[in-house]
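The structure appears right after this line, and notes come after that.
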Amino acid sequence: MDYFLSEDQMMIKELVRQIAEEKVVPVREELDEKEEFPWEIMKVLAQSDLFGLFIPEAYGGLGKGCLELCIAVEELSRACVGVATTYAANALGSYPVLLFGTEDQKKKYLPEIASGKRLVAFGLTEANAGSDAAGIQTTAKPDGNEYVLDGTKQWITNGGEAEIYTIIAMTDKSKGARGASAFIVEKGTPGFSFGKKEKKMGIRASATRELIFDNCRIPKENILGKPGLGFIVAMRTLDNARAGVGAQGVGVAQGAFEEAVKFARQRIQFGHPIISFQAIQHMLSDMATEIEAARALLYGVARYIDSGAKEISKESAMAKLFATDMAMRVTTNAVQVMGGSGYMREYPVEKMMRDAKILQIYEGTNQIQRNVIGQVLIKELAKK
Ligand code: COS
């Protein structure tokens, strides 16, 4: 379907597709097997200015929006969600600075992020705080001109590899969600180290690691926004980033669908290519229809966000929810169409199905997305 993308948007799509075909597809299986961080690919993305896509021109970026970022993430995900996660998590980690940074903070960090010189990670999740984002235990205590951070963050994408971390910590535990604050912490700060590197079901090229803060002192000026604003920083960051997870869903589903079609045309059973059987055609038809429906919703939501709309929680949650549940169904059905071959590591759909699963879980489980949508629906109804 034609989404009437602008010339610039088409150029981004073609550029990322070319990088994905030439640099990602040939190595994705090996990166997955070895659980290896895709530094070489990140360098190529940096050379192509793709880290600056969503950063304003004033800070060295290309000044594009959510739709362009989604297009780039979709194309990378069509090839490998592990690589796409590394790239998208960089945007996730950057949003707190983009949305809440002071002019000084933006001038200091955004040009380095835009050039791809320094990777970013977002640190919210902890052992006892995932869906319950306000349940974090990491503390940040003011002490003179510094804050002292103590605690452990868990399952942090780009952990260990990133150099800039946007961290949510409690400055006043007695206030619950309103006692959290957001900070910038740089790799190499004394008292900041990395713990366990996770071994995952999918997205194995991406790094997922613990962040440990032990009497970690950071300058007071590293706070993002005001003390007590940390929960809002986290929620607004997720509101802006969740469409990107939807883009991962659309991309991986598209990749799996194309593999299934290719296979169905070649695979002969009962003397005919299996694509000639109605059972297979119906599966492919459902897959194609669902992908297009998710893409239409995703691009619509991305355009809505780019319009400058203030209330985007419901829409971004809808794009994430719909596109990632779709991705799980489509990748599972791609394996089904390909039968025994689909289950083998020799074909990419086995990895795609494993990779798709995380999309229903991270940046808020799809159950949490339904909570977010439900809360906004109730508020909207109350206004009528
Ligand atoms: N934008 C701005 N403000 C928001 C907001 C948003 N998207 N969502 C909530 N708030 C505000 C609320 O208005 C409320 O403000 P008041 O104290 O003034 O009333 C405050 O934040 C607390 O909100 P709420 O009571 O809804 O918080 P809950 O603890 O019930 O949590 C959910 C709400 C479940 C939506 C939140 O915890 C969440 O998104 N969890 C998932 C987190 C996640 O995605 N984790 C994955 C790891 S991060 S990659």
Side-chain angles (χ1 to χ4, degrees), residues 73 81 84-96 98-100 120-138 152-159 162 165-182 198 200 203 206-211 224-246 248 301 304-305 309-321 324 357-380 382-383:
V73 170
V81 185
T85 293
T86 305
Y87 175 73
N90 189 73
L92 173 72
S94 307
Y95 278 122
L98 266 175
L99 298 171
F100 293 91
V120 197
F122 179 62
L124 170 65
T125 302
E126 297 180 5
N128 294 313
S131 296
D132 180 9
I136 53 173
Q137 298 293 313
T138 295
T152 300
K153 295 286 172 185
Q154 182 179 262
W155 301 336
I156 304 305
T157 305
N158 291 346
Y165 293 80
T166 45
I167 301 295
I168 313 295
M170 299 306 284
T171 37
D172 187 347
K173 272 191 179 175
S174 67
K175 290 189 179 157
R178 286 177 166 259
S181 304
E198 302 294 343
K200 307 188 292 290
I203 58 161
S206 77
T208 311
R209 203 149 171 199
E210 265 179 355
L211 315 180
L224 285 159
K226 293 190 200 112
L229 209 67
F231 191 76
I232 304 294
V233 173
M235 291 301 114
R236 298 262 290 115
T237 292
L238 290 164
D239 286 345
N240 278 275
R242 278 176 180 153
V245 185
Q248 291 185 293
V301 166
Y304 176 66
I305 292 173
K310 293 233 165 0
E311 303 293 335
I312 58 170
S313 311
K314 181 183 75 179
E315 290 74 12
S316 57
M318 283 175 166
K320 195 268 188 192
L321 167 67
T324 62
K357 187 62 209 171
I358 191 62
L359 305 178
Q360 295 180 300
I361 298 171
Y362 67 17
E363 290 192 35
T365 64
N366 282 3
Q367 287 67 32
I368 286 291
Q369 307 306 319
R370 290 175 170 93
N371 286 6
V372 170
I373 295 164
Q375 279 171 8
V376 178
L377 286 176
I378 289 165
K379 273 189 206 156
E380 285 173 351
K383 279 187 202 155

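For reference, positions follow the sequence shown, starting with 1. Atoms within a ligand are numbered from 1 in the order they appear, just like the ligands themselves. FYI, side chains are in, hydrogens and waters are out, and symmetry mates aren't considered; it's all heavy atoms of this structure.
- Relative to atom 16 (P) of ligand 1, the option among R236, Q375, R178 with the closest non-hydrogen atom is R178.
- Of all atoms in ligand 1, listed by their number and element, those nearer than 4.0 Å to a heavy atom of T125 are 47 (C), 48 (S).
- Of all the heavy atoms of F231, the ones lying under 4.0 Å from any atom of ligand 1 belong exclusively to the side chain.
- Side chain of S316 to backbone of A243: no donor-acceptor contact under 3.5 angstrom is found.
- Contacts between L238 and ligand 1 below 4.0 angstrom, taking non-hydrogen atoms only, involve the side chain exclusively.
- Side-chain atoms of Q137 and K173 include a donor-acceptor pair closer than 3.5 Å.
- With contacts defined as side-chain heavy-atom distances shorter than 4.5 Å, the pair T86/T157 does not qualify.
- For atom 49 (S) of ligand 1, a protein heavy-atom neighbour is present inside the 4.0 Å cut-off.
- Taking each of K175, R242, M235 in turn, the one with a heavy atom nearest to atom 9 (C) of ligand 1 proves to be M235.
- A salt bridge links D172 to K175: one of the charged nitrogens lies within less than 4.0 Å of a carboxylate oxygen.
- For the 3.5 Å distance criterion, the side chains of S206 and T85 fail to qualify, holding no donor opposite an acceptor.
- Note that atom 32 (C) of ligand 1 has no protein non-hydrogen atoms nearby, at separations under 4.0 angstrom.
- Taking 4.5 Å as the limit, every side-chain heavy atom of Y165 sits out of range of all side-chain heavy atoms of V120.
- For atom 25 (O) of ligand 1, no protein non-hydrogen atom is found at a distance below 4.0 Å.
- Under 4.0 Å from ligand 1, the heavy atoms of S131 that appear belong solely to its backbone.
- Residue-to-ligand polar distances keep K379 apart from ligand 1: every N/O pair is separated by 3.5 Å or more.
- When non-hydrogen atoms are compared, ligand 1 lies under 4.0 Å from neither the backbone nor the side chain of E126.
- Side-chain contact between I156 and F122 is absent, with no heavy-atom pair separated by less than 4.5 Å.
- For the pair G364 and ligand 1, the shortest N or O to N or O distance falls below 3.5 Å.
- One N or O on the side chain of Q369 and one on the backbone of E363 form a donor-acceptor pair closer than 3.5 Å.
- In terms of protein heavy atoms, atom 45 (N) of ligand 1 is closest to G130 O, 3.3 Å.
- For N240 (side chain) and R236 (main-chain N/O), a donor-acceptor pair under 3.5 Å exists by modelled atom type.
- Interface of A133 with ligand 1, defined as ligand atoms under 4.0 Å from a residue heavy atom, comprises 37 (O), 42 (C).
- I168 is not listed as a side-chain neighbour of F231, based on a closest heavy-atom distance of 4.5 Å or more.
- Using modelled atom types, one side-chain atom of S94 and one backbone atom of N90 make a donor-acceptor pair closer than 3.5 Å.
- Side-chain contact of Y362 with Q248: a donor-acceptor pair under 3.5 Å is present, judged by distance alone.
- Checked by atom type, the side-chain pair E126/T138 shows a donor-acceptor distance below 3.5 Å.
- Near I368, the atoms of ligand 1 lying under 4.0 angstrom from a non-hydrogen atom of the residue are 34 (C), 40 (N), 41 (C).
- Numbered from 1 in the order shown, with element, the atoms of ligand 1 that lie under 4.0 Å from a heavy atom of V372 read 35 (C).
- Short contacts between ligand 1 and L124, defined as distances under 4.0 Å to a heavy atom of the residue, involve ligand atoms 48 (S).
- Backbone and side-chain nitrogen or oxygen atoms of D239 are examined, and one is located within less than 3.5 angstrom of a nitrogen or oxygen of ligand 1.
- For S313, a nitrogen or oxygen atom sits less than 3.5 Å from a nitrogen or oxygen atom of ligand 1, counting backbone and side chain alike.
- One option in I232, T365, V376 has a heavy atom closer to atom 4 (C) of ligand 1 than any other, and that option is I232.
- Taking a distance limit of 4.0 Å, we find that atom 13 (O) of ligand 1 is approached by no protein heavy atom.
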